Amino acid sequence: MLLKDESSEPAVGGSARGVASSSDLPPELVETEQIGETMSESEISEDPGKNELLDTQDSGKVPLYPEAAARFPFKTADRLLDDILHDLSFINSDDHSILYSDLSNGILKSPVLSYSRKVGKTRAYNLGSLVDQVVLQTKFEYDSVSCPQHNHLQVFMGVLIDVTQQNVATFNNLATLPIFHLKVTVKTRDVLERTKKKAGITHYHSLDESEIHPYDKQDLLTFDSKDPQLLDYAIYVSSDSNKLILIEIFKPEFDSDEERDAFKEESINNRYEMACNRFDSLDPTRIPTQPDCINTLFKIFKGPLNRKSSEEPRKTINPNNVSLNSHIDPTWLTSKYGFELHVEKDEETGEDILEYAPPDLTNYHRDWKVRRLRESFTRRCLELIFLGRVSIRLLSQEAVNRNPKVYRIFSMMQTNFSTMFWFQLLGEYRAIFSTESSSPLDSDHHFIDLSACYNYIDRDIIRNYEAQCTLDPENVGVYVDALNFIANRKGAYQLIAYCGKQDFVGQEALDHALGVFQIDSKEFDPHNLNDSVLLSIYKNESASTRNPNRHAELKNSLRLLAKFKKSPKLKFYADYEPYRNVTQAYEILEVDESVDDDIIQTAYTVKVNDSPGLKIDCDRALYTIAVHSRSLALFNFLVQQSEEFQEYFGPDQFSYQDALSVLQVNENAGDDTILEIFQRKWYKEPVFDADQFLKLKGALSKIGFERNSKLISHFIDTGTVDASCLPAENWPTGLNNIGNTCYLNSLLQYYFSISSLRQYVLDYRNTVQHFLNNQEYASRRIGGREITEAEVERSVQFVYQLRDLFDSMIHAQDRCVTPRKELAYLAFVPSGLGVEFELPNASQANANAPVEKENYVNIDSEPSPPPNDEPLLIDLDDDSDPNNHSKLNKNSNDDGKINEFDNSQAGENDVDVDISMTDSPAEEEKVTKADSGSSSNNSNKAVAMNTSTRVAKISSDQLENALEMGRQQDVTECIGNVLFQLESASDPISLGDDNEQNDLVKQLFYGNIKQNIIPLKDETQVRTKYERFLSLLVNIGDHPKDIYDALDLYFRDEYLKLEEYGDVKRTVAVTDFPTILQIQIQRVYYDRERFMPFKSVAPLPFNETIYMDRYSDTNNPVLINRKRETEKLVQELNGLKGRQRELLSKNELGLSRKGALIETSNFLKSDVLETQGIQIDNRTGLAQELDNIVLGINDELSQLYHNITQLESKISHQFDDFKSIGYSLFAVFIHRGEASYGHYWIYIKDRYKSGIWRKYNDETITEVPESEVFNFSEGNTATPYFLVYVKQGHEQEIEPLKRVLEVTV
């Protein structure tokens, strides 16, 4: 055994809070005894006044340092901690600027300005502490001597290690590792903490040793500023509650050369060799390791510390102890470490026995000398623990296996390198619970100058600034610079506003600001610098950097120059410059980036009303979003809310010529031309400067005011063009509704906007004879079937009608034209039903031929008799042969639409009652079939036919029935009918193997789909079928979340059972994509319970651009694998959703599984069963088991929700890398109303006019904001039902505006 027990005299009783039991003596006796024991005569003040204070007791309720706030320097807890970590770097520095200055003695007591610019060049030491207070106590709490009732002391002991030397590689290096010691003593006055403590960051002011109050001296008797081990110290007291802090940094305890050498390998070997010569029991081959020696020394010092009271026997050490002699030099115990060599007689042999006896450290509560000695022992143990923990990491595995005990001892000692203790010690709960990490800026000298940190709130930074200016008025300029720097780096309006109230600008800050702008203050007088020059420099420098620190420096310099020059213009720009990141702007207004302008305006208003102090921040956010979205509405709102913008960018800031110059237009330019140029600059030009939009808006406002232009004024106010103020040639032509033709009008506008199709129709001059004379055309097929002569004749006439309409839409002087009712008739009546036309005579030919653009348009808006000199195109005779009438048999929709219901319920007065989205066989119309067999012979027809429109032999009833059919007809039926007639009247470009005609219509609108039927039992027997498609049908009833989800459902693999193949998988993929992609949204369904159709208004979000790569028939292995992976993810997702539905489904009582379990558990817990005399065994246990099942369901639902969300997110991004087949949206068909009635219109995008969207609502065409087109709000009955995309690279095909008007003199 290394140690053995030795009896000792009993110790005087004492207490230490949290360490030993409290004294049984009355407080007044304890205090008297403590004072008498702890203060020597030399320590009692010779000042009679102070001696009188010692005769009284500190009440703990009166501040001992009422003028503490006037003491300089002051520091915060964060600053003091940082000083502790850097103090040794200054003391041990070999930098000449530090070595030959007072800083070489440490910085704990120094003002921050003396070292703030040097901290960043020094390294911080690591601060280590012992977590396990059982092994060694390093944290103490004592009652105050002067006021034990209300005051107490806390002591912390730790180590400081140079981070650059901490990772040693050898045992010899470790032996020279200096481990310094930190001791922090905090005296807390509990009463003052409760009554005087102020909110915010606490200010600690420096005290000289001579200024310590006698009451506090009684508690700090272990402190000795002349202690040779003490490297640096500082005493601080808080200005509010007079909390006292004593910081002491000590040298390493094992600091002598011989002590450091003792742990080196050579010394260990020599010492062990000598021990082996002395002790035969030692094995010369088992040389102790460095951790063995450290552990032995640790146990020597730890023994006296373990002794709880003087009544316990002291454990002595035999000088002949083998471990002692082989691990250390035993003589050091008496020569260095305060042990005594006792000589005692052996009672049996009478021989003298020598023992090393440690000092008695038990009375440290009362005897400050014992406490000081005990602290030195504690520091030695602490130093040995950290050395041992590093040393065991250098051991080989063989050495560890040979002596695992030592390795385990040091491994189990829990140490920690953290500064959290500091804030706990000072009661700085703000820092303890803060989640913010320290900022690199905390080491910037500006922050150090104000003893501040980046995460301090504005109020605390201002308090620090004011305290520094008050205590150190000679350096106010430096503190002003620091405050300005912090304000601009933080971008905090409160700090910036406060800085703005300071009238002083430091010269250093001014010189630096000019230097940032690359201006030499010695060459240029800053008073004479022009604001525009400074702004130009600032903008150029900001645009050239992406470094946020550089930008913050530029902003800081601009603010300072604005203040120096007293320039409101520079100040305005610095205050309101948009945020560099638009996300920050949305976060300030607390809105999502997807919201509309009106939501942003509402959010701004609410935010400013709730927090008026944040108005400038909100203005900046609004400005940023307006620039990002190029929203004229937001700019208008911004100017209304902030007068500063009106002051610097309002129309009064421009002359008329300046305004024209900004827009780069001639004063002779028309208002519409100016608007077109403005829109191009506004929407198309890149953003070089945020205020370019404000300048454009101000210039346009000036021009509108000077010209008194209603067109410009309306545009500025609304952001849209008022078509009524435009010349007719600058706006598309509307189409009058001639009765249930709103969706036909939408369709005609849609086809008109496709330039190649429009030009083809305008150039059309074919005749029926042309097709009859060409024998190659006899076998052509359209839609898989041959075309009859009657169909060709009516189709040619349809194209003539369409040609005349398109020509009118281009050349008409009016803003709208009326389609001929014959055009509507031919569009609505199925193409398979022929129409007989009268043979043209001379007068008819002359009347209808489009020889003059202002004369050829013949519009029959009412079925009244025409003038005598103008033939009527539609025969309205009532004596038509009744045998010529027959029922129109309408085929059911191939898409599975419900067609059988009555529409009579639609209200006659409903403004939306134009047409239905459904078909109704109950109101089938009678139309006249053309008997192709009984028609005139071909030769007679050939003579009569020309290229003009001719009269169709139909009655007025037939016409009205056709228009009524338009109300009942599905829009896709009308599209199919129109396109069939266009194809029938067109020359084929080529014929396919099946004689299917290839023409312009197919090139534009048709794609090809490949369908594979794959038997699951033999996947090599694939049956492939190719089909053309005109549009893709997506089903809103499947509840897709967006257009991609809907298309996924359309193209998903289906598993079927066929009689021929058995179980099969059906796959669908697109082999050829059309130029124009049409997507039909199925919204009408049949309610079999109510026997009536209904329309789903569920929103289906769609994008302006979609990519179809995932739906293509491809050989790309990456895309194929991605499809397979996505299919598996979808299957997994469906399984999760199925399980979720199962858990949430409700029974016939309306209870879910969870709800039923809860109700059953509650029933078992109630007294109903007892009152009814029903006995159930283990009722409580059963209820508990049900509760556990409910908890399990909750956990499962939570996990299901998490997994579903993750899977959906992953699936939505599966094809982000595949964007080779892109389509751009250009037309959206809208239906507002219900299934059996409603109104249609269309939105068409004009890429030639800055990408504006127009709403084509019959005769009215207006510009609308993009948000109206992409309105996916719930409950909106104005829902898209047909989306049209154009293939990327073919956008030039879409030209909605085509007007050519003759100038009349």
Side-chain angles (χ1 to χ4, degrees), residues 731-737 741-762 798-799 801-803 805-806 808-810 816-817 819 823-824 826-828 914-915 917 966 969-983 1000-1006 1030-1032 1074-1081 1102 1104 1223-1232 1239-1249 1252-1262 1264 1269 1278-1287 1290-1299:
W731 205 247
T733 304
L735 298 177
N736 289 316
N737 192 323
T741 59
C742 56
Y743 81 69
L744 176 61
N745 287 346
S746 299
L747 192 62
L748 295 173
Q749 293 283 14
Y750 160 52
Y751 289 137
F752 180 84
S753 69
I754 304 171
S755 60
S756 57
L757 180 62
R758 179 183 64 229
Q759 194 59 46
Y760 174 79
V761 171
L762 290 171
F798 172 77
V799 178
Q801 294 285 347
L802 191 59
R803 178 193 65 187
L805 177 65
F806 282 2
S808 297
M809 292 170 69
I810 296 174
C816 57
V817 297
L823 174 64
L826 294 174
F828 288 144
D914 286 345
I915 73 171
M917 296 189 77
Q969 198 175 46
D970 183 89
V971 67
T972 53
E973 292 182 77
C974 185
I975 290 175
N977 197 35
V978 168
L979 292 182
F980 179 84
Q981 294 181 91
L982 281 171
E983 287 195 86
L1000 178 63
V1001 170
K1002 283 197 171 64
Q1003 289 180 344
L1004 287 176
F1005 301 104
Y1006 281 84
L1030 176 61
S1031 63
L1032 301 176
T1075 302
I1076 294 175
L1077 177 66
Q1078 302 176 129
I1079 301 176
Q1080 181 190 354
I1081 302 173
F1102 50 85
E1104 188 160 1
Y1223 280 87
S1224 300
L1225 183 71
F1226 80 89
V1228 179
F1229 288 78
I1230 300 291
H1231 175 267
R1232 181 181 64 206
H1239 181 61
Y1240 286 88
W1241 67 81
I1242 187 174
Y1243 296 111
I1244 299 178
K1245 184 171 185 175
D1246 192 342
R1247 299 182 184 276
Y1248 290 94
K1249 289 290 184 179
I1252 65 171
W1253 285 90
R1254 296 189 186 94
K1255 178 181 180 180
Y1256 294 74
N1257 188 4
D1258 290 335
E1259 72 279 1
T1260 304
I1261 302 177
T1262 56
V1264 297
V1269 181
T1279 51
Y1281 69 93
F1282 206 74
L1283 307 177
V1284 187
Y1285 290 83
V1286 61
K1287 202 169 190 178
H1290 295 266
E1291 289 88 351
Q1292 72 279 1
E1293 282 275 355
I1294 311 305
E1295 188 187 15
L1297 177 58
K1298 181 71 173 179
R1299 298 297 299 275

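Every value quoted in this text rests on a predicted model; they were computed, and no experiment measured them. In what follows, residues are counted from 1 in the order of the sequence shown. Quick note: numbers below take in every heavy atom, side chains included, and nothing from hydrogens, waters or symmetry partners.
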Q: State, to 0.1 Å, how close F1102 and V1269 come at their nearest heavy-atom pair, and which atoms those are.
A: CZ-O, 3.9 Å
Q.
Once rounded to the nearest 0.5 Å, what's the spacing between atom CZ of F1282 and atom OG of S746?
A. 12.0 Å
Q | Heavy-atom side-chain proximity of L802 to L748 below 4.5 angstrom | A | yes
Q) Can you name the nearest heavy-atom pair linking N736 to E1259, along with the distance? A) OD1-CB, 3.3 Å
Q) Shortest non-hydrogen contact from T1075 to Y1223? A) O-CE2, 3.7 Å
**Q.** Sub-4.5 Å side-chain heavy-atom contact between V978 and Y751
**A.** yes
(Q) Let me confirm one number: the OG1-CG distance from T1262 to N1257, rounded to the nearest 0.5 Å. (A) 7.5 Å
Q) Do Y750 and Y1256 have ring centroids that are under 6.0 Å from one another? A) no
Q: Determine the interplanar angle of the H1239 and W1241 rings, folded into 0 to 90°, and report it as parallel if under 30°, tilted if 30 to 60°, perpendicular if over 60°.
A: tilted
Q. To the nearest 0.5 Å, how far apart are CD1 in I1242 and CG in L747?
A. 7.5 Å
Q) Under 4.5 Å between any side-chain heavy atoms of N977 and C974, yes or no? A) no
Q) Any side-chain heavy-atom pair from S1224 and R1247 closer than 4.5 angstrom? A) yes
Q) Which value, rounded to the nearest 0.5 Å, describes the distance between S753 atom OG and R758 atom CZ? A) 8.0 Å
Q) F1226 versus E1293: any side-chain heavy-atom pair under 4.5 Å? A) no
Q: Check whether any side-chain heavy atom of V1284 lies under 4.5 Å from a side-chain heavy atom of F1229, and answer yes or no.
A: yes
Q: Measure from the side-chain N and O atoms of Q981 to the backbone N and O of V799, and report whether any donor-acceptor pair falls under 3.5 Å.
A: no
**Q.** Closest heavy-atom pair and its distance - L1000, S756
**A.** CD2-O, 3.8 Å
Q: Just do the side chain to side chain contact (heavy atoms under 4.5 Å, CB included) check on K1287 and L1077 with the steps written out, would you?
A: CA-CA 7 Å; K1287 202 169 190 178; L1077 177 66; over 6 Å; no
Q) Distance from S755 atom OG to I1294 atom CD1, nearest 0.5 Å? A) 7.0 Å
(Q) Looking at K1002, I want to see if its NZ is surrounded by more than 12 non-hydrogen atoms of other residues, nucleotides or ligands under 6.0 Å. (A) yes
**Q.** I1244 to P1296 - nearest heavy-atom pair and separation
**A.** CG2-CG, 3.7 Å
**Q.** Donor-acceptor under 3.5 Å (Q749 side chain, D1258 main chain)
**A.** no
Q | Pair M809-F806, side chain to side chain contact (heavy atoms under 4.5 Å, CB included): steps then yes or no | A | CA-CA 5 Å; M809 292 170 69; F806 282 2; 4.0 Å; yes
Q: Quick one: pull up CD1 in I754 and NE2 in H1290 and give me the separation to the nearest 0.5 Å.
A: 13.0 Å
Q | Any T1279 side-chain heavy atom under 4.5 Å of I1081 side chain | A | no
Q) Would F1005 and L757 satisfy side chain to side chain contact (heavy atoms under 4.5 Å, CB included), going step by step from the backbone distance to the final call? A) CA-CA 11 Å; F1005 301 104; L757 180 62; 4.1 Å; yes
Q: Apply ring-ring contact (aromatic ring centres under 6.0 Å, His included) to the pair Y1281 and Y1240, showing each step before the final yes or no.
A: CA-CA 10 Å; Y1281 69 93; Y1240 286 88; 4.9 Å; yes
Q. Yes or no on side chain to side chain contact (heavy atoms under 4.5 Å, CB included) for R1254 and L1297, after CA distance, side-chain angles and deciding distance?
A. CA-CA 10 Å; R1254 296 189 186 94; L1297 177 58; 4.2 Å; yes
Q: Determine the minimum heavy-atom distance between T733 and C816, stating which atoms define it.
A: CG2-CA, 3.7 Å
Q. Would you say F752 and P732 make side-chain contact, with heavy atoms under 4.5 Å?
A. no
